[in-house]
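Worksheet: one structure, shown below.
All ligand and atom numbering here is 1-based and tracks the order in the structure.
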Amino acid sequence: MRVAFVSSEAVPFSKVGGLADVVGSLPPVLARRGLDPTVYLPGGGAGTGYDAGVPVGEVTFSWGGKEETARIVQLEQEGVRFRFLELPDFKGRPVYAGEGDLERYARFCLAVDADLRLRPPRVIHLHDWPTALLALLLRQRRSKVRIVVTIHNLAHQGIWEPGPFFENTGLPDALLHQDALEFHGKVNLLKGALITADAITTVSPTYAREIQTATLGEGLDGVLRLHGGKLVGVLNGIDTTYWNPATDPHLSAHFESATDPGKETCRLALAKEVQLEGPILGMVSRLVWQKGIDIVLEALPRLLELGYSLCVLGSGETGLERECQAAADQNPGRVVFRRDYDEALAHRIYAGSEAFLLPSRWEPCGLSQRIAMRYGTIPVVRSTGGLIDTVDDGVTGLRFECAHPEGLVAALTRLRYGPLVRDTLAAAAMEIDPGWDRAAEAFAALYEGSRTVAA
Ligand code: ADP
């Protein structure tokens, strides 16, 4: 079965967050199950490595009534065809740039649609708002392709002033209607795709329930309740070959269990590398309000009193970066902040921390706690979304209820002085299989049109 994935990011070519991990690692698993996946990505942008592909032609599409062209570069790996559409307004720009994103991702969707006309798949699997326009383009030209839309984070919907949107894309402005694209007088691309799709998935069963409530529905809870019959939560997996503490080339020692000497070597190596004393609380994260780094900073004096050190790797909002830097400046030897995107250091933090913190205000799935668990590091997480589905409190990690420093401090106090045994929790965390097999089975059923999908 031919399945076309369309995404704004995918490892190993480009990555901002978990979406890239998912689109890079699920298609090879589907290919091994006998499906025929193609992944469409924008080419020429911030990503790397795609230039090893070969030019295989070009497509033309109409933008504002004028003809535009995109060159196609193709690369095959692990049974997956990656097709990169080169568009000038992606050149030298980050995956998400804010201004101009509507226009460039709309162009990308138009270019993908032009290619899909020539090589129609049975199923098209769209990911988040940058690819949502495709659902509308496909239905507008009465394509019979089955459309699956996955919500990775409902906080981003692609909301824009109507402006020249309809003129540029060629879609009829009759779609600016509350049962289609319209959202408080604006164009909401994700809403349009959710209404149009044959099936909607999101990345964990709990998040699937949460987004149908006013609290986490981001204004689309009504739409999601209305279309709840076609919405299912399928828990994200991780690439267990890439994230493997027994073979990881970024580590100075390897281990297969929580009590292997290699695990302790990784703890000592991290402490030496980042020059911290005491057991390390690790964080690898985009620095945005969602992730609750401010909760950690507020709890910091008490965490230090408990004897922990803190190591934060991440970048994002300027205010949060500044606060992390200030905490590091004020607590030399106890707090380290690396304002960076550093794949290798991330691996060493996952392997060498005493506990991994994810105090998110909301978390659709969360991959980093799954990675930490695979590396025998105890996740300490807030009870929300996929964190509820992946961390069993007191068994494979620790959970706390409120997005407040008290909860975090209480959880870490339990870990430090309570009856919980670190290595027992870590061993149980490592027992969980975070691979893609179960989700791949669910997607294969969903692509076939099955209504009974194991979540
Ligand atoms: P989100 O998609 O909301 O950012 P996830 O937990 O689903 O959160 O996925 C985050 C992914 O990005 C993980 O693979 C994590 O290791 C990676 N990551 C985030 N920040 C950094 C960073 N600064 N350096 C290296 N990897 C990072």
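- Between Y105 and Y96, the two ring planes are tilted [angle within 30° to 60°].
- Looking at ligand 1, you won't find any N or O of G17 less than 3.5 Å from one of its N or O atoms.
- A cation-pi contact, defined as under 6.0 Å to the ring centre and within 45° of the axis, is absent between R374 and Y350.
- S257 and K263 share no side-chain donor-acceptor pair at under 3.5 Å.
- At a heavy-atom distance under 4.0 Å, only backbone atoms of D342 (N, CA, C or O) approach ligand 1.
- The closest side-chain donor-acceptor pair between Q290 and R361, if any, does not fall under 3.5 angstrom.
- If you check each of K15, H152, E363, K291 against atom 8 (O) of ligand 1, the one with the closest non-hydrogen atom is K291.
- Only backbone heavy atoms of D340 (N, CA, C or O) come within less than 4.0 Å of ligand 1; its side chain stays farther off.
- Of the heavy atoms in A20, none comes closer than 4.0 Å to ligand 1.
- The distance criterion of under 3.5 Å between nitrogen or oxygen atoms is met by S368 with respect to ligand 1.
- Remark: the T201 side chain and the T150 side chain contain an N/O donor-acceptor pair separated by less than 3.5 Å.
- Side-chain N/O atoms of Y40 and D115 include a donor and acceptor closer than 3.5 Å.
- If you check which protein heavy atom lies closest to atom 4 (O) of ligand 1, you get R286 NE, 2.7 Å.
- For atom 16 (O) of ligand 1, the closest non-hydrogen atom of the protein is Y350 OH, 2.6 Å.
- Distance from atom 11 (C) of ligand 1 to its nearest protein heavy atom, with residue and atom name: D21 OD2, 3.5 Å.
- In terms of N/O distances under 3.5 Å, ligand 1 is not approached by W243.
- Side-chain contact, D423 with T259: no donor N or O sits under 3.5 Å from an acceptor N or O.
- Geometrically, R416 engages Y308 in a cation-pi contact, judged by NZ or CZ lying under 6.0 Å from the ring centre and within 45° of the ring axis.
- The shortest N or O to N or O distance between L367 and ligand 1 is under 3.5 Å.
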